[in-house]
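Residue numbering restarts at 1 for every chain, and letters A, B, ... go by the order of the sequence lines. It should be emphasised that the depicted structure is a prediction, and the values quoted were computed from it without experimental measurement.
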Amino acid sequence: MTADSERGQPSRADLIEKVTGRARYVTDVAVAGMAHGRIHRSTHPHARIRAIDLAAAEALEGVVAILTGADLPDLVQQVAWGLYFNDRPVIARDKVRYVGEPVALVVAETAEIAEEAVHLVEIDYDPLPVVDTAAAALLPDAPLINEGAEAIADFYFTGRANPVDGTNIFQRYLLSEGDGEGAEREAARVFEHTYTFPGIAHFALEPHCVVAHFDGDGLTVWSGAQSPSAAQKVLARVFGLSLGDIRVIVPYVGGGFGGKASVKMEPLVAAAALKAGRPVRVALSLDDSMLTCRRLGASITLRTGVDENGIIVSKRGRILLDGGAYADTGPAVTVKAAHRAIGPYAIPNLEIEAQAAYTNTVPGAAFRSIGGPQAIWATESQMDEIALELGLDPLEFRRRNLLPRGGAIISKLRPLDVDFAAMIDAAEAALADLAPDEAAAGLALAASDPGILPLGGAQLRVLADGTIQIASMSVEIGQGVRGVLREVAARILAQDPAQIRVTDPDTARAPFDWGTGASRSTVVMGLAVEDAARDARAQLLELAAGVFDGQPNDVALVPGGVAHGGETLSFRELYHRAFGIDSGEVVAMGAVRPTREGVDFKLSPLFWETAVGICGVTLDEETGEVGLTSYVGVADIGRTLNPIGAEGQEEGASVQGLGHALYEGLRFEDGQPVNATAVAYRVPLAGDVAAAAHTVLIENGDGPGPFGAKGMGEGGILPVAPAIANALARRHGIRLRDLPMTPEAIWRALEARRDDAS
Amino acid sequence: MLPRPFEYLRPRTLEAALDALAAGGERATAYAGGTELLLVLKLRLADYDCLVDLKRIPELRAITTGDDTLRIGALATHREISRHPEVCARAPALAALCGEIANPRVRASGTIGGNLCFAEPSADPPTVLAALDATLHLASRRGRRALAADDFIQGPLETRRADDEILLRIDIPAGREATRYVRQLDGQRALVGAAASLPPGRPPRVRLGCLAARPVALRACEAYLGDVRQELDLEALRRVIREDIDRLEVTGDGADYRRHIAGVMTRRAITAAWRAAGREATS
């Protein structure tokens, strides 16, 4: 039972709007004079653009303008943009780097006319050699995909990428602690395995949609952006505008999962609007979105040294990520993959090399726990492989190596702030209740370092009628952040959450925030709202003290107003007496900075996001079809602010992880996408979800966020694939090292096992 | 993801629809549920100047019985078929399949006739209807004709229906209760589907779908089942299934896996039909 439901209110701020269909998304935005854009996409993975023939398309009645790379030098201030490198042209110039890259954007009176015209655009290509995998990108004679792109530092993430000049490697990260090589020589046994992970589509049910409008001297953009401030910043540079002249507005977003983080379609659509001299709307299809961004695929080789007591003494790793045609936030994904490959274990000697390379495929991007599922797929699969080789129970092997609370996963990061032994106990207890026969189920653990950049703010206004408005840049992507923020404010101000409105993020109205992702909003924006609410409370009590002729300490906030002794005033009455008319408001601010007092926000991560997953599986050994019978997820989230929402985030993440495990993977052949369509791409369906599922949320009130909360929402995706693989190994004697674990792959593993047995 | 502009006609009588198709030639096509047609139009994999919507023609949608024959209008939706008491009683394999095809949205608007005429290679109904020995009735301005379900589909997206013809209805003969269809899914599509039918007093029928370009008859299985008097011997059954499937040409990635799955699905369909017929099996 949630606090909200006890009060008879829905616990989600957006519940009624969404179930009644009134909630507004970008696709619902209409601006007077708006024209519609459609994209002509490259059919070549790597080619020079020899010529573009627009004659037939331009001749079509209703076509307003067609944007191509040839327009860029005159139209924009900065032709190419990015987050670590200015490697991505606003629209393809000179050459294309992946199938699906925008080459022409047709603006017309209707989307139908624009679509017709898109099919009339003729491009003459001069094909170049194709780099279709990260391994191919590293070959000595591999063609270079992005040469000489300008590197930028501290632009979106702190720091800069470390590319290898003259190669396709755009990020190389070395993590070294102790002496990995030396410790490995001393180890009793060394285990080496390689695991692969495909690129994965975000598959948000709302595809990317942007409306751009140059209005007066400024630019207004409506976008389903997870990082509106990043979009604002990139647009300012591309168009040579001031931040103050660019307004980014984000209504409800129908799922992001990282695919709408950083910057995606905004510069392209704005450039089309500038060329057309009209507001322009571009609404992608789901298929288009699958050609816009994806999770980075990976190949991960781990060498783990163990002593005679089953204690891990060294871990050396090589991680190679397939970054796609443009770097986007791939350099950060690379660093996180290295960190997340370690696991919650005490390993004194580490040596991990993580690299990301350009390929002629759909650009890589952030995706729920960047680099995490790739790294944990490898690390937690190998933990079981080693345990079985050593003749140890996998759980016992993990327990021997668990890092205690307060221990360092790596020295430069915050010490571990959870008790994994307790989390495992909770998972085992829950599974015993849920499915008593699943004792030999598969298990996996995960520890990831989220909570990027404690930089954000919120404004809170207490209006005369007692409604409260919170202006915040945290984007409601379905995760329930508006409900969490109003819950924080409601508790501090002792008000009914139903009286609190969290407005659409709008850079013209709400303070700066880094963005919605990395499980950071409950902590960072939650603290900003908490600060703002405390500020508002202080102001209200001060006002009331004046009106009551008492001290602020003698006054209390009550739902709808203030109380002093036996007397209660509504906010309107309070303002009436204080201001002379029955209007006015209290305006309060909250801001979170790395220098925040009382916490060490200069140390990364702000908190550890952790997960334990245990599952039971069924396998049809004739067909290779695997099903989940039970799944228990455990997360230490410090404090739960919305139990239904928090469980929903954990369980949604685990279902997405199930997709990674069994079904999903973008396939490319010679750079051509094979299954990048909603029809061909398989995501988990309702019937695939475990029949018995349970989430345990551990609350010790020890997080840095409001009321001791930690961030959450990403951890649940992490343990699913290795837990299933480990269950298949224990129950059926097969070890899968490549995702997804399709029925065919499982059948082949079973056939190999049968051959070995005979 | 937007189709080319097309003319949209919504006749209220079969005659008007046949006239429209005859007039439109190969640039016109019939439009039933649209679950496949509209998709390929949007993807621009198909292109027509005129769609003739058949949904306003009531007689095309009816499900009736008479002369022991179950008659299913081509415009009956999967959902309607799955819930129709006569279909559930007489052709439970078809009712069960129609209740599981694709997803609820497709079942609510997709039609059995549209599914057959589209001839998507991974479609399930053609295999079941072939095992049920169904007869398809077609009409055009030139006249009417009937085709065996076995002969209708010629290859991927290719049938014997002429451009000006409309599939009217599907007739399923009596005595087909002991028919079962088993499939392995890859997402919402069948990787392989097998149907077995054991009509009393008539030869057994076994069909394998989604593997080749069209449903194929497994003759060794049929011959074996026709000879069995008492108990089904699963070892013997495996041998005849292997014999049938070894004869098939299966190409492309994972051909060995699909061939294997075809064998498994066939055995499961046959044993299920055998049980449905109230007969026994030994292993």
Closest approach of B/Gln184 to A/Pro743 (non-hydrogen atoms, all atoms of both residues) =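 Between these two residues, the closest heavy atoms are NE2-CB, 3.8 Å.
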
| query | Taking only heavy atoms into account, what residues of residues 680-689 of chain A are found under 4.5 Å from chain B? | reply |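 Within residues 680-689 of chain A, the residues that come under 4.5 Å of chain B (heavy atoms only) are A/Arg682, A/Leu685.
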
Answer with side chain, backbone, both or neither: which region of [X] has an atom nearer than 4.5 Å to a non-hydrogen atom of chain A?
X	answer
B/Asp256	both
B/Ile261	side chain
B/Leu43	side chain

* Asked: Is B/Pro3 close to A/Glu112 at the side-chain level, that is, under 4.5 Å between some pair of heavy atoms?
  ->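 The answer is no, as the side chains (C-beta and beyond) never meet within the 4.5 Å cut-off.
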
| query | How would you list, by chain and number, every residue that makes a ring pair (Phe, Tyr, Trp, His ring centres under 6.0 Å) with A/Tyr125, sequence neighbours excluded? | reply |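 Once residues adjacent in sequence are excluded, the partners of A/Tyr125 under the ring pair (Phe, Tyr, Trp, His ring centres under 6.0 Å) criterion are A/His44.
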
- Query: Looking at residues at least two apart in the chain, or sitting in another chain, which of them share a ring pair (Phe, Tyr, Trp, His ring centres under 6.0 Å) with A/His36?
  - Reply: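 Partners of A/His36 under the ring pair (Phe, Tyr, Trp, His ring centres under 6.0 Å) test: none.
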
Best-contacting candidate, A/Thr742, A/Asp620, A/Leu286, against chain B by heavy atom pairs under 4.5 angstrom
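Option with the top pair count is A/Asp620.
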
If you count every heavy atom of other residues, nucleotides or ligands that lies below 6.0 Å from [X] atom [atom1], does the total exceed 12?
X	atom1	answer
A/Asp670	CG	no
A/Asp755	CG	yes
A/Asp287	CG	yes
B/Arg4	CZ	yes

Q.
Taking A/Glu115 first and then B/Lys42, would you say they form a salt bridge - that is, a charged N and a carboxylate O separated by under 4.0 Å?
A.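 No salt bridge links A/Glu115 with B/Lys42.
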
Open item on the list: What part of A/Glu625 gets within 4.5 angstrom of chain B, counting heavy atoms only: side chain, backbone, both, or neither?
Closed with: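 The side chain, not the backbone.
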
Discussion item. Can you tell me which portion of A/Ala111 sits under 4.5 Å from chain B's heavy atoms? Options are side chain, backbone, both or neither.
Written reply: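 Both parts, backbone and side chain.
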
query: So which pairs with a foot in residues 248-269 of chain B pass ring pair (Phe, Tyr, Trp, His ring centres under 6.0 Å), sequence neighbours left out?
result: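 Of all non-adjacent pairs touching residues 248-269 of chain B, those that pass ring pair (Phe, Tyr, Trp, His ring centres under 6.0 Å) are A/Trp747-B/Tyr257, A/Trp747-B/His260.
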
message = As a quick check of understanding, evaluate salt bridge (Lys or Arg N to Asp or Glu O under 4.0 Å) for B/Arg258 and A/Glu744, giving each step before the final call.
response = CA-CA 9 Å; B/Arg258 282 179 288 131; A/Glu744 183 176 336; over 6 Å; no

